[in-house]
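Taking it in order: structure first as structure tokens, then the write-up.
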Amino acid sequence: MATMYDMIVIGAGPGGYVAAIRGAQLGLKVAIVEREHMGGICLNWGCIPTKTMLRSSEIFHLMHRASEFGLSAENISYDLEAVVKRSRGVASQLNSGIGHLLKKNKVEAIMGNASITSKNTITVKSDKGTTKLQGKNIVLATGARARELPGLEADGDLVWTYKAALTPTRMPKKLLVIGSGAIGIEFASFYNTLGSDTTVVEVMDHILPVEDEEISKFAKKSFIKQGMKILEKASVKKLDRLKGKVVAHIEINSKIEKQEFDTVISAVGIVGNIEDIGLETLNIKEERSHVITDKYCRTNVEGVYAIGDLAAPPWLAHKASHEGVMVAELIAGMNPHSIKPENIAGCTYCYPQIASVGYTEATAREKGFNIKVGRFPFVGNGKAIALGESEGLVKTIFDAKTGELLGAHMVGAEVTEMIQGYVISKQLETTEQDLMGTVFPHPTLSEMMHESVLDAYGQAIHI
Ligand SMILES: Cc1cc2nc3c(=O)[nH]c(=O)nc-3n(C[C@H](O)[C@H](O)[C@H](O)COP(=O)(O)OP(=O)(O)OC[C@H]3O[C@@H](n4cnc5c(N)ncnc54)[C@H](O)[C@@H]3O)c2cc1C
């Protein structure tokens with residue numbers, strides 16, 4: 001008789017493999033099925049390879065500024081093939097690490113394409129044939145892929161999505177990036193820094209549309225200073241693909257402008273991988289390509305869970321992993337807390353970096369809060385000046401009535417590392433008093449986090 005697993009996970013991205021390891025730690029008998037690569041999009045085609053490439057462009061940028069630091073660097077150039085090779089190498093190093101972790105935790109890892117074929121049964125198809133697995137609980141963690149808009153479909157040659165943008169064989173001379181969410185802006189920043197003449201088109205009224213508008217405007221100014229062109233409230237209606245070039249029909253102020261590019265990166269969002277995983281077998285409900293769940297990631301079918309990009313936003317790796325832990329603990333009979341989306345930070349690793357958690361100023365006002373807002377500029381911080389990174393802003397938003405930290409928004413060097421301080425504060429429901437009473441080490445960029453809180457209450461020292 002086939003083994004009855006306590007938990008079968010479909011998809012080994014940061015949601016699935018973390019769920020599997022946590023389940024095994026708790027004594028569950030766990031199998032995980034992956035069709036392509038351990039670590040999912042995050043390790044192979046998302047978070048990690050992009051940050052590896054962005055590190056190359058950041059160093060390239062700093063090398064151009066060598067004289068500011070009393071150094072010299074001549075004939076600064078790059079080898080695109082070597083930049084890509086390093087990025088792929090880092091991805092594959094981490095990918096094989098996941099295989100070891102699963103093995104160490106005695107998770108049965110199976111390569112193949114999995115789908116639910118009846119209650120408690122998963123069918124796995126691979127080159128080696130078809131097998132059936134039995135599981136008391138099923139965790140769907142099949143992730144998502146790039147959304148493709150009609151007429152703007154990628155072809156890997158002139159029009160790229162993230163996979164082609166992560167493995168370029170040539171440098172775009174004139175690049176159009178469609179969409180200014182984190183993915184679009186990170187690619188725009190990478191290519192612009194390495195010399196592509198880059199234009200970003202965003203349909204909403206400000207780039208990085210989920211970010212606080214003031215932070216977005218600050219970032220926009222900086223990108224423009226670096227030579228990027230930004231078109232807001234604009235949309236690409238059509239792409240004419242000619243030999244070696246693309247003519248984009250861009251609607252701005254109700255008029256169509258035609259512009260020529262040699263490369264287009266489409267970064268217009270994601271769609272969940274809901275096809276062929278057997279949702280219809282058990283009538284598992286989905287909406288607009290994402291499986292519908294409650295706050296504990298339970299679907300409408302008992303014993304079936306959905307986590308990560310396949311489920312509700314925010315579509316971020318750390319959210320996927322946290323849901324994986326929560327679901328494993330639920331299955332093991334524990335009583336985990338559900339996740340609060342407003343306590344999940346978002347980070348964009350462009351130059352300058354952007355990071356935020358909680359409500360934007362506009363959302364806090366819309367929700368009816370009477371707010372206190374603090375701001376502190378990087379130019380007022382000793383460490384930022386010492387680093388040669390005096391461009392940036394830390395903004396904090398408090399509920400004037402209770403002093404609760406409602407949101408924190410930052411743009412500038414290393415803010416993607418600093419944001420975790422505010423994430424902990426939000427998770428612990430910290431008030432302004434706790435933050436003001438906290439001693440921040442000197443000299444650090446984090447002192448700006450303190451000063452921004454002090455500023456919200458009229459007590460900032462260094463401005
Ligand atoms: C360019 C880019 C940059 C990004 N940068 C960041 C970042 O900096 N920070 C961040 O938090 N997020 C980032 N993301 C988003 C992040 O990658 C996702 O949120 C995260 O990977 C979601 O994890 P997941 O486990 O839900 O799904 P995925 O990582 O997509 O993994 C799903 C896995 O399921 C497998 N699978 C699918 N169907 C089946 C099947 N039927 N049978 C077996 N296996 C199957 C897939 O092969 C895949 O390996 C980025 C994404 C992209 C594209």
Side-chain angles (χ1 to χ4, degrees), residues 41 45-46 49-50 53-54 56-57 60 77-81 83-84 87-88 144-209 219-220 223-271 348-351:
I41 291 299
W45 296 106
T50 47
M53 305 235 316
L54 281 157
S56 293
S57 63
F60 184 74
S77 64
Y78 57 83
D79 172 351
L80 187 60
E81 202 182 326
V83 170
V84 173
S87 163
R88 299 320 303 153
R145 58 185 183 278
R147 176 184 295 282
E148 302 219 42
L149 296 179
L152 312 184
E153 292 90 351
D155 52 36
D157 175 23
L158 298 172
V159 184
W160 301 348
T161 58
Y162 53 82
K163 285 198 180 176
L166 280 166
T167 49
T169 50
R170 62 177 172 82
M171 200 60 193
K173 284 196 179 62
K174 207 156 178 271
L175 171 69
L176 169 65
V177 178
I178 310 176
S180 73
I183 295 175
I185 286 294
E186 285 184 4
F187 282 123
S189 190
F190 171 79
Y191 283 106
N192 189 65
T193 304
L194 291 190
S196 299
D197 175 0
T198 305
T199 300
V200 177
V201 171
E202 170 55 54
V203 73
M204 305 298 280
D205 60 5
H206 63 93
I207 55 161
L208 295 153
K220 177 181 166 183
F223 297 150
I224 290 173
K225 220 163 67 190
Q226 294 169 52
M228 230 186 257
K229 295 170 194 81
I230 308 268
L231 303 175
E232 292 166 329
K233 284 199 237 169
S235 71
V236 178
K237 294 290 171 197
K238 199 173 138 194
L239 295 176
D240 296 331
R241 294 158 210 244
L242 311 170
K243 200 162 179 276
K245 66 176 180 185
V246 175
V247 178
H249 298 233
I250 307 171
E251 188 176 275
I252 314 168
N253 299 327
S254 314
K255 284 198 193 104
I256 298 284
E257 252 183 37
K258 288 190 199 174
Q259 289 194 29
E260 247 182 58
F261 300 90
D262 62 68
T263 312
V264 177
I265 295 177
S266 169
V268 292
I270 57 160
V271 284
T348 307
Y349 300 75
C350 46
Y351 185 81

- [ ] Indicate yes or no: at least one non-hydrogen side-chain atom of M53 is less than 4.5 angstrom from one of P168.
- [x] yes
- [ ] Kindly give the heavy-atom pair with the smallest separation between F261 and L175, and that separation in Å.
- [x] CD2-C, 3.6 Å
Task: Gap separating the NE2 atom of H249 from the NZ atom of K237, nearest 0.5 angstrom - done: 12.5 Å
Task: Nearest-0.5 Å distance, OG of residue S57 to OH of residue Y351 - done: 11.0 Å
- [ ] Begin from the C-alpha positions of L231 and I250 and carry the test side chain to side chain contact (heavy atoms under 4.5 Å, CB included) through to its verdict.
- [x] CA-CA 9 Å; L231 303 175; I250 307 171; 4.3 Å; yes
Open item on the list: Using a 6.0 Å cut-off, check whether atom CE of M171 has over 12 heavy atoms from anything other than its own residue.
Closed with: yes
TODO: For the residue pair R145 and T161, confirm or rule out a side-chain donor-acceptor distance under 3.5 Å.
DONE: no
- [ ] Taking the side chain as every heavy atom from C-beta outward, state whether E232 and I207 have any pair of such atoms under 4.5 Å apart.
- [x] yes
Task: Counterpart residues, salt bridge (Lys or Arg N to Asp or Glu O under 4.0 Å), relative to K238 (two or more places apart) - done: D240
Open item on the list: Under a 3.5 Å distance rule, please check whether T348 uses its side chain to pair with a backbone N or O of A182 as donor and acceptor.
Closed with: no
Task: Donor-acceptor contact present, side-chain E186 to main-chain Y349, <3.5 Å - done: yes
Task: Flag side-chain contact, heavy atom, 4.5 Å: I265 against Y162 - done: no
TODO: Determine whether D262 and R170 make a side-chain contact, defined as any pair of heavy atoms from C-beta on separated by less than 4.5 Å.
DONE: yes
Open item on the list: When you measure from the side chain of D155 to the backbone of D157, do you find a donor-acceptor pair of N or O atoms at a distance under 3.5 Å?
Closed with: yes
TODO: Not counting sequence neighbours, list each pair that qualifies as a salt bridge (charged side-chain N to carboxylate O under 4.0 Å, His left out) and has a residue in residues 192-207.
DONE: D197-K229
Task: Sidechain-backbone polar pair: Q226 side chain, I224 backbone, donor-acceptor under 3.5 Å - done: no
Open item on the list: Is any side-chain heavy atom of F223 closer than 4.5 Å to one of I185?
Closed with: yes
Open item on the list: Give me the atom names and distance for the closest heavy-atom approach of S235 to V203.
Closed with: CB-CG2, 3.9 Å
- [ ] Give the minimum heavy-atom separation between A248 and V236, together with the two atoms involved.
- [x] CB-CG1, 4.4 Å
Task: Spatial distance of atom CZ (F60) from atom OG1 (T193) [nearest 0.5 Å] - done: 8.5 Å
- [ ] State, with a plain yes or no, whether a side-chain heavy atom of V268 is found less than 4.5 Å away from one of L152.
- [x] no
- [ ] With rounding to the nearest 0.5 Å, note down the distance linking CH2 in W160 to OG1 in T167.
- [x] 8.0 Å
Task: Nearest heavy atoms of T50 and F187, plus distance in Å - done: CG2-CZ, 3.9 Å
Open item on the list: Quick one: does any side-chain atom of K174 pair with a main-chain N or O of E260 as donor and acceptor, under 3.5 Å?
Closed with: yes
- [ ] Calculate, to the nearest 0.5 Å, the distance between atoms NZ and CD1 belonging to K258 and I256 respectively.
- [x] 9.5 Å
Open item on the list: Working to the nearest 0.5 angstrom, can you tell me the gap between N192 CG and M228 CE?
Closed with: 4.5 Å
TODO: Can you see which heavy atom on V264 is nearest to which on V246, and at what distance?
DONE: CG2-CG1, 3.9 Å
Open item on the list: When you measure from the side chain of S180 to the backbone of L208, do you find a donor-acceptor pair of N or O atoms at a distance under 3.5 Å?
Closed with: yes
TODO: May I ask you to decide if I178's main-chain N or O and S266's side chain share a donor-acceptor pair within less than 3.5 Å?
DONE: no
Open item on the list: Less than 4.5 Å apart, side chain to side chain, heavy atoms only: is that true for V83 and F190?
Closed with: yes
Task: Taking every non-hydrogen atom, the tightest pair across G244 and L158 - done: C-CD2, 3.8 Å
